[in-house]
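First the structure, in the form of structure tokens, and then the observations on it.
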Amino acid sequence: MAVLPSKIILPGLARKLVTEGLLGAEQAEDALEKSRSMRTPFVTYVVDHKLVTGHDIALAASEEFGIPLIDIESLQLNHDVIKLIDRQLIEKHRAIPIFKRGNRLFVAVSDSANPVVLKEIGFITKMHTEAILVEDDKLAKVIERDIDQIFDTSIKFDGSDDVDFELIEDEGDKKEEEEKDEADKAPIVKFVNKMLHDAIKMGASDLHFEPYEKFFRVRFRVDGMLKEIAKPPISVSRKLAARIKVMSRLDVAERRVPQDGRIKLKLSANKAIDFRVSTCPTLWGEKTVMRILDSSAAKLNIDMLGYEEEQKRLYLEALANPYGMVLVTGPTGSGKTVSLYTGINILNKEGVNISTAEDPVEINLPGVNQVQIDEKTGMTFEKALKAFLRQDPDIILVGEIRDLGTGGIAIKAATTGHMVMSTLHTNDAPQTLTRMIDMGIAPFAIATAVNLIMAQRLCRRLCHCKIEQSIPKPALLAEGFKEEYLPDLKLYAPRPEGCDKCGGLGYKGRIGIYQVMPISETMKRIIMEGSNAIGLADQARREGIPDLRESGLKKAKNGLTSLEEVNRVVNKE
């Protein structure tokens with residue numbers, strides 16, 4: 001703990017920061033003088049100038065003044081409580097009422113050394129006010145993001161918010177130009193267009209439009225994590241759902257059952273992006289989720305996907321086989337399609353006939369015959385596969401094996417001189433085989449056809465601003481690290497405040513974690529004997545095949561991701 005020089009006298013919080021070693025004495029004195037001259041709260045000045053992080057200063061203030069500390073971003077803000085005071089007061093004092101109990105009003109503040117704030121709010125509301133400490137940077141972000149939407153009942157845009165792209169429609173769906181021009185001026189239309197444009201710009205994979213009882217929010221999934229982007233008024237929730245339905249040619253009047261559709265947006269003369277749209281009735285209205293299908297964003301370079309050298313070798317060996325089946329498994333959004341298309345891209349030569357059946361077609365690849373599955377018109381995976389087998393195929397890609405019909409034809413193709421690639425939804429590679437048996441596919445057919453199974457997950461990649469992390473040896477052993485790794489082991493964590501490159505998140509981009517399991521002769525015998533996933537996993541371990549957990553720990557050991565991120569995407573054994 002630092003000691004103050006005898007000549008320097010500092011008030012409570014500044015003194016606390018110095019004694020905790022977060023600021024130097026002269027640095028704190030200088031910050032005090034400058035914040036007073038700028039008429040800025042000391043806390044705001046220190047955080048804005050990155051002298052101390054918002055989290056550290058909030059912890060110090062909470063301990064110094066005995067005021068509880070909460071994470072404001074984890075709260076569901078009550079708009080009615082916030083509106084007890086006007087927005088000018090919120091912006092002037094950087095304080096937000098967060099909840100009330102009887103005649104007590106609890107106010108989120110970052111500067112607990114300013115009693116004037118609570119007195120003024122108490123005078124206006126005629127309530128007894130109590131302070132709740134929050135981090136200054138998070139408080140500022142919440143005010144900047146939500147204040148307009150809380151105090152305004154309409155969505156407004158100026159000319160700078162207009163987005164330059166057009167909805168690609170069939171000839172029969174086009175309206176008169178005058179009607180279209182008029183519709184495009186509507187605030188709802190501009191808001192939806194702006195959300196789509198922002199999602200593309202941020203590199204999001206999904207957009208969520210979510211109605212609740214007292215608020216409506218829009219979230220984007222960026223690098224696998226959902227992030228709140230906007231909170232339009234709850235009164236426009238039906239209009240937003242209706243606009244998205246119109247764009248995706250769904251039934252606007254039907255709000256009782258889920259619907260699926262597609263949107264195609266033209267961004268420029270040579271670039272268009274598809275959105276897969278899904279609506280679902282919830283308690284407070286229809287939730288709409290849009291998946292961005294941007295084939296130009298997919299990186300089909302096997303060296304960029306995060307395979308270890310041995311895993312890459314096994315995958316390339318499986319692709320070199322003239323027949324058999326390669327299966328990729330993992331949850332939605334784990335990069336299965338990119339892994340398969342990376343293999344297809346390697347095999348895509350002039351002398352090879354490649355056909356794919358997908359729902360939907362996410363990546364367009366010249367030289368590959370791609371079929372869009374459409375249950376409404378009767379074009380199913382099973383029908384597509386039967387057609388492929390009559391068209392002299394060399395390689396067949398099936399978007400997903402969902403049932404016995406599709407799985408049976410795929411197995412038949414793999415055992416009659418064709419290379420078949422497909423996906424399933426299972427937790428790891430060994431469980432894939434038992435899942436196929438559960439569908440009704442015979443064990444001997446699986447053992448004969450399947451050459452390789454690859455399970456995968458995507459975890460966030462640490463930004464270059466990462467910091468070294470210190471973890472006790474017993475904890476590392478409990479996480480699964482081997483004893484021999486510990487002496488030279490260096491683990492890293494995201495920097496709390498991040499940097500400009502990562503936008504303050506500490507992570508930038510994603511990297512794959514893989515379990516690549518070739519089906520050996522011993523495994524084939526185990527499958528035909530009717531063994532379960534546990535028996536296959538034990539055999540894979542005996543053959544030295546790392547599971548997802550081991551692969552994830554190796555990524556952390558190499559400094560590519562954090563242990564926290566590995567634990568988020570892969571369970572401990």
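- Judged as a side chain to side chain contact (heavy atoms under 4.5 Å, CB included), and not counting sequence neighbours, the contacts of Val222 are Met202, Ala204, Phe220.
- Proximity of a side-chain donor or acceptor of Ser237 to a complementary backbone N or O of Ile234 within less than 3.5 Å is detected.
- Partners of Tyr45 according to the ring-ring contact (aromatic ring centres under 6.0 Å, His included) rule, which considers only residues two or more places apart in sequence or in another chain, are His49.
- Across Ile96, Val109, Leu133, a single residue satisfies side-chain contact (heavy atoms from CB on, under 4.5 Å) together with Leu139, and that is Ile96.
- Under the rule for a side chain to side chain contact (heavy atoms under 4.5 Å, CB included), the partners of Thr44 that lie at least two apart in sequence or sit in another chain are Thr40, Pro41, Asp48, Arg94, Asp136.
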Please table the atom pairs, donor to acceptor, closer than 3.5 Å between any side-chain atom in residues 378-387 and protein atoms at least two apart or in another chain.
| residue | atom | partner | partner atom | Å |
| --- | --- | --- | --- | --- |
| Thr380 | OG1 | Lys383 | N | 3.2 |
| Lys383 | NZ | Gly378 | O | 3.4 |

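- When every heavy atom of Gly54 is checked against every heavy atom of Val47, the shortest pair comes out as CA-CG2, 3.9 Å.
- The backbone N or O of Lys555 sits nowhere less than 3.5 Å from a side-chain atom of Thr561 that would complete a donor-acceptor pair.
- Looking at heavy atoms from C-beta onward, Arg457 lies out of side-chain contact with Arg568 at the 4.5 angstrom threshold.
- Rounded to the nearest 0.5 Å, atoms CG (Asp86) and CD (Glu91) are 9.5 Å apart.
- Under the 3.5 Å distance criterion, the side-chain polar atoms of Asp223 are matched with a main-chain donor or acceptor of Gly509.
- With sequence neighbours excluded, the residues satisfying side chain to side chain contact (heavy atoms under 4.5 Å, CB included) with Glu254 are Asp251, Arg256, Val257, Gln259.
- Annotation for Ile244 and Ile263: closest pair O-CD1, 4.2 Å, computed over non-hydrogen atoms.
- Two residues are said to be in side-chain contact when any heavy atoms from C-beta on lie closer than 4.5 Å; Thr342 and Met304 fail this criterion.
- One distance of note links CD of Glu135 with CD1 of Ile57; it measures 11.0 Å at 0.5 Å rounding.
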Legend entry - Candidate pair Ile85 and Ile90, rule side chain to side chain contact (heavy atoms under 4.5 Å, CB included), full reasoning: CA-CA 8 Å; Ile85 63 176; Ile90 291 174; 3.6 Å; yes
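- Leu265 CG to Asp274 CG: the interatomic distance, rounded to the nearest 0.5 Å, is 8.5 Å.
- The pair Arg460-Glu565 counts as a salt bridge, with a side-chain nitrogen and a carboxylate oxygen less than 4.0 angstrom apart.
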Please list, one pair per line, the donor and acceptor atoms closer than 3.5 Å that link side chains of residues 421-428 to other protein atoms, with sequence neighbours excluded.
| residue | atom | partner | partner atom | Å |
| --- | --- | --- | --- | --- |
| Ser422 | OG | Val398 | O | 2.9 |
| Thr423 | OG1 | Gly399 | O | 2.6 |
| His425 | ND1 | Glu400 | OE2 | 3.1 |
| Thr426 | OG1 | Thr329 | OG1 | 2.4 |
| Thr426 | OG1 | Asp428 | O | 3.3 |
| Thr426 | OG1 | Thr432 | OG1 | 2.9 |
| Asp428 | OD1 | Gln431 | N | 3.1 |

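- The CG atom of Leu462 lies 11.5 Å from the NE2 atom of His464; values are rounded to the nearest 0.5 Å.
- Of the inter-residue distances, the one linking Thr288 atom OG1 with His208 atom NE2 reads 11.0 Å to the nearest 0.5 angstrom.
- Counting only N and O atoms by type, the side chains of Asn301 and Asn345 include no donor and acceptor under 3.5 Å apart.
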Inset, instruction - Given side chain to side chain contact (heavy atoms under 4.5 Å, CB included), test Val236 with Phe191 step by step and report yes or no. - result: CA-CA 11 Å; Val236 303; Phe191 179 78; over 6 Å; no
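- Here salt bridge (Lys or Arg N to Asp or Glu O under 4.0 Å) pairs that include residues 202-214, with residues two or more places apart or in two chains, are Asp206-Arg291, Glu210-Arg217, Glu210-Arg219, Glu210-Lys287.
- Counted within 6.0 Å of CD on Glu73, heavy atoms from surrounding residues, nucleotides or ligands total more than 12; the atom is thus considered enclosed.
- Annotation: side chain of His93 is not in contact with side chain of Ile121 (no heavy-atom distance under 4.5 Å).
- Residues Met439 and Ile401 meet the side-chain proximity criterion, which asks for heavy atoms closer than 4.5 Å.
- The heavy-atom pair separating Leu84 from Thr125 by the smallest distance is O-CG2, 3.8 Å.
- Applying the 6.0 Å contact sphere to NZ of Lys50 captures no more than 12 heavy atoms from other residues, nucleotides or ligands.
- Under a cut-off of 6.0 angstrom, the local environment of CG in Asp500 is sparse, with at most 12 non-hydrogen atoms contributed by other residues, nucleotides or ligands.
- Counting only distance, with no hydrogens or angles, the side chain of Gln370 and the backbone of Ile363 share a donor-acceptor pair below 3.5 Å.
- Side-chain contact between Pro360 and Leu293: present, with at least one pair of heavy atoms (C-beta onward) separated by less than 4.5 Å.
- The shortest heavy-atom contact between Leu548 and Ala455 is CD2-O, 3.7 Å.
- Taking the side chain as every heavy atom from C-beta outward, Arg262 and Gln372 approach each other to under 4.5 Å.
- In the model, Ser355 has no side-chain atom that pairs as donor or acceptor with a side-chain atom of Gln391 under 3.5 Å.
- Scanning all heavy atoms of the two residues, the minimum distance from Ser334 to Leu458 falls at O-CG, 3.3 Å.
- Not a single donor-acceptor pair under 3.5 Å links the side chain of Arg243 to the backbone N or O of Ile188.
- For Pro258 against Pro281, the heavy-atom pair with the smallest separation is N-CD, 3.8 Å.
- In this view, Asp359 and Arg402 satisfy the salt bridge (charged side-chain N to carboxylate O under 4.0 Å, His left out) rule, not counting sequence neighbours.
- Of the residues listed (Val189, Asn193, Val277), the one engaging Met247 in a side-chain contact (heavy atoms from CB on, under 4.5 Å) is Asn193, and it is the only one.
- Side-chain contact check for Phe209 versus Glu286: every heavy-atom pair is 4.5 Å or farther apart.
- Under the side chain to side chain contact (heavy atoms under 4.5 Å, CB included) criterion, Leu505 pairs with no residue, sequence neighbours left out.
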Inset, instruction - Go through the steps to decide whether Glu497 and Cys465 satisfy the test side chain to side chain contact (heavy atoms under 4.5 Å, CB included), and finish with yes or no. - result: CA-CA 10 Å; Glu497 66 275 17; Cys465 66; over 6 Å; no
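- With sequence neighbours left out, the ring-ring contact (aromatic ring centres under 6.0 Å, His included) criterion links Tyr307 to Tyr315, Tyr514.
- Residues Asp137 and Thr53 fail the side-chain proximity criterion, which asks for heavy atoms closer than 4.5 Å.
- Side chain of Gln456 to backbone of Gly335: a donor-acceptor contact under 3.5 angstrom is found.
- Shown here are the ring-ring contact (aromatic ring centres under 6.0 Å, His included) partners of Phe215, two or more places apart in sequence or in another chain: Tyr212.
- Under the 3.5 Å distance criterion, the side-chain polar atoms of Lys336 are matched with a main-chain donor or acceptor of Gly330.
- With sequence neighbours left out, the ring-ring contact (aromatic ring centres under 6.0 Å, His included) criterion links Phe106 to Phe99.
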